[in-house]
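Below is one structure, written out as structure tokens; the observations come after it.
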2 protein chains.
Amino acid sequence: MSQTPSPGPAGSSQLIRQLNAQRVLHCMWGREPSTATELMHATGLTRATILTLCRDLTEQGWLQVSENSRQAGQYTKGRPALRYAFREDACHVIGVDAGLHQVTAAVANLRGVEIGCATRPSNPQGSDAPLQPAPERRRTILDTIDAALAQAGLTHADVACLVIAVPAPVDCSGHSPKGLNEFWSLMNPELITLGAEHGWDCAVDNDANLAALAELDLASGAAEDSFAVILSGERLGAGIVMDGSLLHQSRGGIGELGMLDLVQGVESSNGLGWWARHLAREALKQAPGHSGPLGAATPEEVTSEHVFAAAEQGDRLALEIMDQLADRLARICVVLAGLLDLDRILVSGAIAPALTDVAARAKHKLTQYLYAPWLRIEASALGADAVRRGAIRLAVDRIKDQALPGGPAA
Amino acid sequence: MSQTPSPGPAGSSQLIRQLNAQRVLHCMWGREPSTATELMHATGLTRATILTLCRDLTEQGWLQVSENSRQAGQYTKGRPALRYAFREDACHVIGVDAGLHQVTAAVANLRGVEIGCATRPSNPQGSDAPLQPAPERRRTILDTIDAALAQAGLTHADVACLVIAVPAPVDCSGHSPKGLNEFWSLMNPELITLGAEHGWDCAVDNDANLAALAELDLASGAAEDSFAVILSGERLGAGIVMDGSLLHQSRGGIGELGMLDLVQGVESSNGLGWWARHLAREALKQAPGHSGPLGAATPEEVTSEHVFAAAEQGDRLALEIMDQLADRLARICVVLAGLLDLDRILVSGAIAPALTDVAARAKHKLTQYLYAPWLRIEASALGADAVRRGAIRLAVDRIKDQALPGGPAA
DNA sequence: CGGATTAAATATAGAGTCTTAATATAAGCA
DNA sequence: TGCTTATATTAAGACTCTATATTTAATCCG
């Protein structure tokens, strides 16, 4: 009997190390360089511990020592502190907005800053051709990704995570309902498998959900707020954030707005863009010789852009249409905010910039249906970028959450 | 230089101990007695650790050693294992359903089993008197609690937590909106302060939310499911569970159904009980000499119970009313399930037992508005007990979550 | 230019936790 | 009584964090 002292990991002692490392990394994620003293205040840990953790994180590639030790520091006396900086280029992510008509891919660093972006058409607007078959759509997406990578000057090996947004419901494992709706299958032809080809972590999600994540990113700090983001182009879709986290369950059908068929004054889940065009067409048919700016277009060629532009110029017909859009929006907001007691509702998507007034008017109209003085209704500042930015945000979050096990090397 | 070795807690090492103790306790909460070996498998910890933790928990009063060491164990050879049992009587909780017309209080042990229950009238039904003022309502509630305690043979000191359910929205700190709606203020006259009088932990929440918690309790195991519970007596209210956790945000207005005013075929947030009475009254006025069982009541005295009973006996008018209720319910379900992609919707409250058929018929009618074959619509088996059971569940959960710091001694 | 001052980094000891392995204990069984 | 079996107890090892003392790297000032 004697010395088999025994090796082996001493159990869950390391767990606490992992947790603290993650805590330190999260404190520094995307922020300015920090000194140990700052991190001590932020985490409550001791200097010795902090410095050990920072050394480890530096070895793993998450941090680097930053040289400007004294400049940024407030003090001028004493030994200058080491400053560790978050390495925003430790690895990169790709966010893709795979819309119906076009695909946009962006390469971003861990701060979420885009350093490469590319767009490719897909099912060109106005064309009557059948939708792109699955293999072609997959190829379009991969091409767009490669173009974005090329612009960023990076290779496949530099990427750690890929997130793709599609206009379809997506379940928690990245698939869309099969056999039910051909459109959904063609929008999301098993895109979840695209990541595996290069060994990337990969996620697919609904476009409205990701737009909501993008807004959450902007509102950082207000972890308590609850809001919905409405994507409002051709078809309506919504993403819902409650208490600072995105609602999502296994089937992924949250925010599908088919039930609006039953709401008075809405009666369909067509988007505000669709309604603008539709109402303009009807109005022009009824008043063929309309003299305002909107009259420049024929009923057949008129688009939502025409309506918004004409309304800017004070066209009476266009303003009437805007008012109807506001009423529709108000009713939609009543349903969402009434049921879920939201703090705000954001209208997003490509046409959002044109809807600032509509949102304000909807807020006004809403008071006749619902008492909710705290509710804000606004057009998103992100507009057409929202979905892509949300995809990037999710990708960065995934890296952040899985961070520790082994460093950023994919 | 020398021996000032230093005392002081060695920082966050104890944290891991806390976490493990909590883990072990949660493994045993409400379950059959366990041996160390079983807990080792459940938690992944070592025998030595488990036994230390169990000894500590026993000292604190959460566990006790159970004597039947060998009986329950599958094995017959070897040294018999120690068996530790969860002490369901370590402390007790009180759940109160403070409804409009009556107040029910129940005393329960940590397993949630009721060992005392009492009911008192409050704002008696049918009376035209103004609502009870705040002090009187508070006294009624305290009286009911004392009666329940007396029945259980316990004193104030045996209680650790009090949860009160009220028919009003309740924010995260237990208050209801002030000045907005006199009814809400009278239903929840700062009831959150009632706990402080005896030093109990205390929470107040909306009745529909708590009914949802009660259903969640029944469905234990299915942590993935999402559902809504609709309380459907006089006024509608809903509690929503997503992915196994109750939705709740700071203002507490989730599940308020005022927005149903805008839904076609619903047009109000009156409950199914209200509608049954209202439709019966109208029908009897239109057909004064109605020969079926429903005709036994005059239009003035008819109640929803009359309608349900008459429908049981095949009364034609009553059946038509039931069909209209089903249509209403179907439309409500479309809105809730369509927006939130729920797995099931439960109709609860005192009249739930009479609504089994209505729920089934609503499920059938719903298919014309919404594709959701996975959706179940059912009448809750808990009926009038749902709210009170949810209050108990929340109280037990609060104890469970705050458990460790110092033992069950309040 | 060298010492005083200052604030941070490093080194060392201490306390706490878990695991591992060895040892002791309490039964049944032959 | 002794063997087998399964558990409880104990002691040693590894790892973590904290707390204190010591060293280091700068500035300031005479």
Side-chain angles (χ1 to χ4, degrees), chain A residues 1-24 33-41 43-58 65-84 404, chain B residues 1-24 33-41 43-58 65-84 404:
Chain A
M1 66 296 281
S2 42
Q3 71 298 353
T4 25
S6 93
S12 47
S13 269
Q14 283 93 327
L15 197 145
I16 198 169
R17 188 63 175 272
Q18 285 271 331
L19 287 177
N20 282 332
Q22 188 124 3
R23 203 137 63 97
V24 168
S34 302
T35 66
T37 310
E38 288 161 16
L39 290 170
M40 285 166 63
H41 290 125
T43 63
L45 296 170
T46 299
R47 164 166 274 114
T49 308
I50 295 282
L51 288 168
T52 317
L53 289 172
C54 283
R55 221 183 334 254
D56 288 359
L57 287 169
T58 305
V65 295
S66 112
E67 292 302 343
N68 54 344
S69 1
R70 182 62 55 92
Q71 280 122 291
Q74 274 71 324
Y75 64 98
T76 156
K77 298 174 287 191
R79 177 175 179 172
L82 285 174
R83 284 173 70 78
Y84 287 92
L404 269 300
Chain B
M1 64 301 272
S2 41
Q3 70 298 354
T4 25
S6 92
S12 49
S13 269
Q14 284 94 325
L15 195 144
I16 197 169
R17 189 62 176 272
Q18 286 271 329
L19 287 177
N20 282 333
Q22 187 124 3
R23 204 137 62 97
V24 168
S34 302
T35 66
T37 309
E38 288 160 16
L39 290 170
M40 286 166 64
H41 289 126
T43 64
L45 296 169
T46 298
R47 164 167 276 113
T49 309
I50 294 283
L51 287 169
T52 316
L53 290 172
C54 283
R55 217 177 343 245
D56 288 359
L57 287 168
T58 304
V65 295
S66 112
E67 292 304 343
N68 53 344
S69 3
R70 181 61 55 92
Q71 281 121 292
Q74 276 70 328
Y75 63 97
T76 155
K77 298 174 288 191
R79 176 174 180 172
L82 287 174
R83 287 171 70 78
Y84 287 92
L404 269 300

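Each chain gets a letter, A, B and so on, in the order its sequence line appears, and its residues count up from 1.
- Not counting sequence neighbours, Thr58(B) has no partner by the side-chain hydrogen bond (donor to acceptor under 3.5 Å, both in side chains) test.
- Atom P of nucleotide dC18(C) and atom CG of Leu19(B) are separated by 10 Å, given to the nearest angstrom.
- Remark: Arg17(A) is in phosphate contact with dC17(D), judged by side-chain N or O atoms under 4.0 Å from OP1 or OP2.
- As a whole-Å value, the separation of Ile50(B) CD1 from dC18(C) P is 10 Å.
- Taking atom CD1 on Ile16(B) and atom C1' on dT16(D), their separation rounds to 9 Å, with Å as the unit.
- In this structure, Leu53(A) places its CG atom 10 Å from C1' of dT16(D), rounding to the nearest Å.
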With B for base contact, S for sugar-phosphate-only contact and - for none (protein heavy atoms under 4.0 Å), nucleotides 4-10 of chain D reads -BBBBBB

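- Taking each heavy atom of Ala36(B) and Leu51(B) in turn, the nearest pair found is CB-CD2, 3.9 Å.
- Between Leu39(A) and Cys54(A), the closest side-chain pair of non-hydrogen atoms falls below 4.5 Å.
- End-to-end axis angle of the helix from dC1(C)-dG30(D) to dA30(C)-dT1(D), from C1' rotation axes over five pairs per end: 20° (rounded to 10 degrees).
- At the phosphate of dC18(C), OP1 or OP2 sits under 4.0 Å from a side-chain N or O atom of Asn20(B).
- Looking at residues two or more places apart in sequence or on another chain, you find a side-chain contact (heavy atoms from CB on, under 4.5 Å) between Thr46(B) and Ala48(B), Thr49(B).
- Between the CG atom of Leu82(A) and the CD1 atom of Ile50(A) there is a distance of 13.0 Å, given to the nearest 0.5 Å.
- Considering CZ of Arg47(B) and OG1 of Thr52(B), their distance stands at 12.0 Å, rounded to 0.5 Å.
- A sub-4.0 Å separation between OP1 or OP2 of dT17(C) and a side-chain N or O of Thr49(B) is absent.
- Arg17(B) and Asn20(B) share no side-chain donor-acceptor pair at under 3.5 Å.
- Judged as a side-chain hydrogen bond (donor to acceptor under 3.5 Å, both in side chains), and not counting sequence neighbours, Arg55(A) has no contacts.
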